[in-house]
**Q** 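I have a structure here, written as structure tokens, and I will follow up with some questions on it.
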Amino acid sequence: MVEKKIFRAPSGTRDILAPESYRWQKLISIFSHIVESANYGLVINPLFEEVGVFTRGMGEASEVVKKEMYEFTDKGNRTLALRPEGTASVVRSFVQNRPVLPWKAWYVTPAFRYERPQAGRYRQHHQIGVEVIGIQDPDLDVEIVSLMSQLYQALGLSKIELKINSIGDEQCSFSYRQLLLEFLTQRQDELCEEHKQSYSYNPLRVLDCKKISCISLTEQAPKLLDNLCNDCYAHFDRFQNGLKSLGIEFKIDHRLVRGFDYYTRTTFEFVGLALDAAQNGIGGGGRYNGLVESLGGPSEAGIGFGIGIERLLLACDAEDVFQIKPSQIDIFVVDVTGGDQARDLTYRLRQAGLKADRAFGSKSMRSQLRLAHRLGAKAALIIGSEELEAKKVALRWLNQEILEDGVEKSQQLIDSSEIISYLKDLSEFH
RNA sequence: GUGGCCGUAGCUCAGUUGGUUAGAGCGCCAGGUUGUGGCCCUGGAGGUCGGGGGUUCAAGUCCCCUCGGUCACCCCA
């Protein structure tokens with residue numbers, strides 16, 4: 001006896017089958033139309049990189065880099081990691097290929113993080129996003145956010161909120177950091193237990209701590225926006241005005257400090273208000289004006305966002321929108337004469353552009369029609385011995401109420417040689 | 001990495017204070033007089049009760065371990 005072992009998808013991963021996968025196809029298709037109409041081009045990057053791409057990009061100290069990376073050594077002793085997010089890889093590919101500026105790219109990719117799975121969080125999740133290299137203009141920040149907004153609108157989401165902030169450039173961010181550090185040092189006994197230890201290492205992180213003690217303390221702390229330099233302030237100001245001009249609502253969130261070290265100036269995040277799970281962020285991003293350089297490239301500005309597909313769909317479920325039905329099949333071929341007719345006819349139907357299926361094995365006519373009904377076929381083409389003899393096929397419409405016995409059911413005989421061209425002319429199949 | 005809850009058919013679950021061959025609904029398959037989908041009716045397939053160990057005359061039920069799922073913390077999409 002062979003021991004029966006049932007393999008399962010690894011913890012934190014899952015299989016997406018039809019019909020759920022239809023939503024994914026449709027979602028990606030909608031997104032690609034939105035970004036391509038704004039002249040973004042698809043970029044496809046490797047799923048793994050030298051680990052340095054991520055440690056330098058996202059910051060050695062970030063939680064994701066410290067404890068969540070899928071790191072491994074390959075047979076050539078290279079230290080690699082599965083991408084935990086999209087931006088660092090895309091920027092690395094910019095530095096390597098140096099496309100002409102400005103470079104506007106979009107992507108869809110899996111992302112891997114080793115953490116305990118829970119609602120809306122996976123070890124392999126999927127992101128769609130864009131990155132732009134080479135533009136400082138704050139109007140681009142507006143464009144970027146507008147693309148996200150367009151996607152949410154296209155899906156029918158309405159219970160969402162946009163939060164924005166600016167964390168300044170290298171100069172004013174640094175001086176703000178000093179200011180905050182002084183404040184926190186003076187009142188460190190009011191911090192939560194964890195940040196009493198770690199606040200001096202990266203004081204900005206205290207701002208998005210969820211502990212009540214840290215929240216009430218940081219409400220009194222100096223604000224980022226009050227300490228921006230003139231240029232950063234002007235940038236943020238024009239960003240806000242642009243959003244207003246497009247009618248995109250937002251809230252300034254002084255505590256919005258995103259998790260990766262590479263952000264400068266504008267940061268933003270959309271949350272799904274209908275989501276009751278702990279993970280309600282459905283997309284976020286910001287500027288990263290130093291990242292290209294830190295990955296070995298020229299000093300060029302960058303900005304981008306990432307949207308988690310799983311969470312986006314959870315948000316759609318919570319609002320009961322974007323529920324996709326798979327397209328029904330056009331024709332189901334019923335053949336009770338041995339299968340030759342079904343084999344050849346389905347092939348011809350598909351060549352003619354119709355969505356067609358059939359039953360395999362020698363099933364009864366009733367069984368085959370049940371299958372046709374269950375699959376939601378618009379019509380069946382029936383071939384029995386009489387039809388075969390007469391070189392005809394019976395066309396039977398299925399997408400209608402079943403009629404009482406004795407009432408003529410809609411069915412007609414058509415010459416086999418003409419069936420394809422007959423069907424192609426029918427409006428039902430266009 | 002830390003903690004709470006939960007593992008019985010493909011799915012959703014029942015299973016009484018431990019007591020015969022472990023059940024239902026849905027789904028699936030086949031039939032309901034030899035060629036017709038719904039509904040209805042009949043029958044069928046499908047489970048080593050997550051796995052291992054223990055207590056007991058007897059364990060799906062009690063205890064321990066383990067694996068898996070789930071939710072929360074941390075952090076993020």
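Proteins get letters first, then strands, A, B, ... in listed order; numbering begins at 1 in each.
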**Q** The side chain of H125(A) is closest to which nucleotide in this list: A77(B), C28(B), G38(B)?
**A**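 Of the candidates, A77(B) comes closest.
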**Q** Using the P atom in both, what is the distance from G46(B) to C13(B), to the nearest Å?
**A**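 The answer is 24 Å between these two P atoms.
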**Q** Take the protein atom CZ of R14(A) and the nucleotide atom P of A77(B), then report the distance between them rounded to whole Å.
**A** 18 Å
**Q** Calculate the interatomic distance between L256(A) atom CG and A77(B) atom C1'; express it in whole Å.
**A**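 Between C1' of A77(B) and CG of L256(A): 14 Å.
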**Q** According to a 3.5 Å limit on both distances, what stems of 3 or more consecutive Watson-Crick or G-U pairs are formed with RNA chain B?
**A**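 When the pairs of RNA chain B are grouped into runs of at least three, the stems are B:1-7 with B:67-73, B:10-13 with B:23-26, B:28-32 with B:40-44, B:50-54 with B:62-66.
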**Q** Across the strands shown, which category fits D208(A) at heavy-atom distances under 4.0 angstrom: base, sugar-phosphate, nothing?
**A**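 Touches sugar-phosphate only.
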**Q** Any side-chain heavy atom of E310(A) sitting closer than 4.5 Å to one from W24(A)?
**A** yes
**Q** Please determine whether a side-chain nitrogen or oxygen atom of Q118(A) lies at a distance below 4.0 Å from atom OP1 or OP2 of A72(B).
**A**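 Checking A72(B) against Q118(A), a side-chain N or O does come within under 4.0 Å of OP1 or OP2.
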**Q** A side-chain contact here means heavy atoms from C-beta on lying under 4.5 Å apart; do L180(A) and V206(A) qualify?
**A**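 No - every pair of side-chain heavy atoms lies 4.5 Å or more apart.
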**Q** Are there any protein N/O atoms within less than 3.5 Å of an N/O atom in nucleotides 32-35 of chain B, and if so, which ones and at what distance?
**A**
| residue | atom | partner | partner atom | Å |
| --- | --- | --- | --- | --- |
| G32(B) | N7 | R366(A) | NH1 | 2.2 |
| G32(B) | N7 | R366(A) | NH2 | 3.2 |
| G32(B) | O6 | R366(A) | NH2 | 3.0 |
| G32(B) | O6 | R370(A) | NH2 | 3.1 |
| G35(B) | O6 | E386(A) | N | 3.0 |
| G35(B) | O6 | E386(A) | OE1 | 3.1 |
| G35(B) | O6 | E386(A) | OE2 | 3.1 |
| G35(B) | N1 | E387(A) | OE1 | 2.8 |
| G35(B) | N1 | E387(A) | OE2 | 3.1 |
| G35(B) | N2 | E387(A) | OE2 | 2.9 |

**Q** Please give the distance between the C1' atoms of A59(B) and G19(B) as a whole number of Å.
**A** 10 Å
**Q** Does anything in residues 356-364 of chain A reach RNA chain B, meaning a heavy atom under 4.0 Å, and if so which residues?
**A**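 Only K363(A), S364(A) qualify.
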**Q** Where each residue is assigned the nucleotide of RNA chain B containing its nearest heavy atom, which of E269(A) and R8(A) is assigned the position nearer the 5′ end?
**A**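 Going by which nucleotide is closer to the 5' end, it is R8(A).
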**Q** Show the nearest heavy-atom pair for residues A154(A) and I30(A), with the distance to one decimal.
**A** CB-CG2, 3.8 Å
**Q** Can you check whether R348(A) reaches I419(A) side chain to side chain, under 4.5 Å on heavy atoms?
**A** yes
**Q** Count the heavy atoms belonging to other residues, nucleotides or ligands that lie under 6.0 Å from CD of Q188(A), then report whether that count exceeds 12.
**A** yes
**Q** For a quick check of understanding: with a heavy-atom distance under 4.0 Å over all strands, which category does G120(A) fall into, base, sugar-phosphate or nothing?
**A** base
**Q** If you check the S367(A) side chain, which of A30(B), A77(B), U36(B) turns out closest?
**A** A30(B)
**Q** Using the C1' atom on both, measure G18(B) against U55(B) and round to a whole Å.
**A** 12 Å
**Q** Quick check with a 6.0 Å cut-off and a 45 degree axis cone: is R343(A) positioned over the face of Y347(A)'s six-membered ring?
**A**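 Cation-pi check for R343(A) and Y347(A): fails.
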**Q** Select base, sugar-phosphate, or nothing to describe what A372(A) touches, counting heavy atoms under 4.0 Å on all strands.
**A**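 It contacts nothing in the nucleic acid.
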**Q** To the nearest Å, how far apart are R374(A) CZ and C28(B) C1'?
**A**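 In whole Å, C28(B) C1' lies 8 Å from R374(A) CZ.
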**Q** Would you check if Y288(A) and T267(A) make a side-chain contact, meaning some heavy-atom pair closer than 4.5 Å?
**A**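 Not touching, per the 4.5 Å side-chain cut-off.
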**Q** Tell me every residue that passes ring pair (Phe, Tyr, Trp, His ring centres under 6.0 Å) with F270(A), counting only those two or more places apart in sequence or in another chain.
**A**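 Testing F270(A) for ring pair (Phe, Tyr, Trp, His ring centres under 6.0 Å), a comparison that skips the adjacent residues, returns Y152(A).
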**Q** Could I get the full list of side-chain hydrogen bond (donor to acceptor under 3.5 Å, both in side chains) partners for S327(A), not counting sequence neighbours?
**A**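 side-chain hydrogen bond (donor to acceptor under 3.5 Å, both in side chains) check on S327(A) returns K355(A).
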**Q** When you compare the side chain of I164(A) with that of T266(A), does any pair of heavy atoms fall below 4.5 Å?
**A**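 Not touching, per the 4.5 Å side-chain cut-off.
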**Q** Polar atoms only, N or O, under 3.5 Å: list the protein pairs with nucleotides 3-5 of chain B and their distances.
**A**
| residue | atom | partner | partner atom | Å |
| --- | --- | --- | --- | --- |
| G3(B) | O6 | R116(A) | NH2 | 2.8 |

**Q** Do other residues, nucleotides or ligands put more than 12 heavy atoms under 6.0 Å from Y70(A) OH?
**A**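 Counting neighbours around OH of Y70(A), more than 12 heavy atoms of other residues, nucleotides or ligands fall under 6.0 Å, so yes.
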**Q** Can you tell which of C75(B), U36(B), A77(B) lies closest to the side chain of E68(A)?
**A**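 The closest nucleotide is C75(B).
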**Q** On the side chain of Q279(A), is there an atom forming a donor-acceptor pair with the base of A72(B) - under 3.5 Å, no angle test?
**A** no
**Q** Considering only heavy atoms from C-beta outward, does the side chain of N165(A) approach that of K163(A) to under 4.5 Å?
**A**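 The answer is no; the side chains never approach within 4.5 Å.
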**Q** Flag the pair I252(A) / Q240(A) as yes when at least one side-chain heavy-atom distance between them is below 4.5 Å, and no otherwise.
**A** yes
**Q** Report yes if some heavy atom in the side chain of V53(A) is under 4.5 Å from a heavy atom in the side chain of F48(A); otherwise report no.
**A** no
**Q** Pick base, sugar-phosphate or nothing for R205(A), based on heavy-atom distances below 4.0 Å to the nucleic acid.
**A** sugar-phosphate
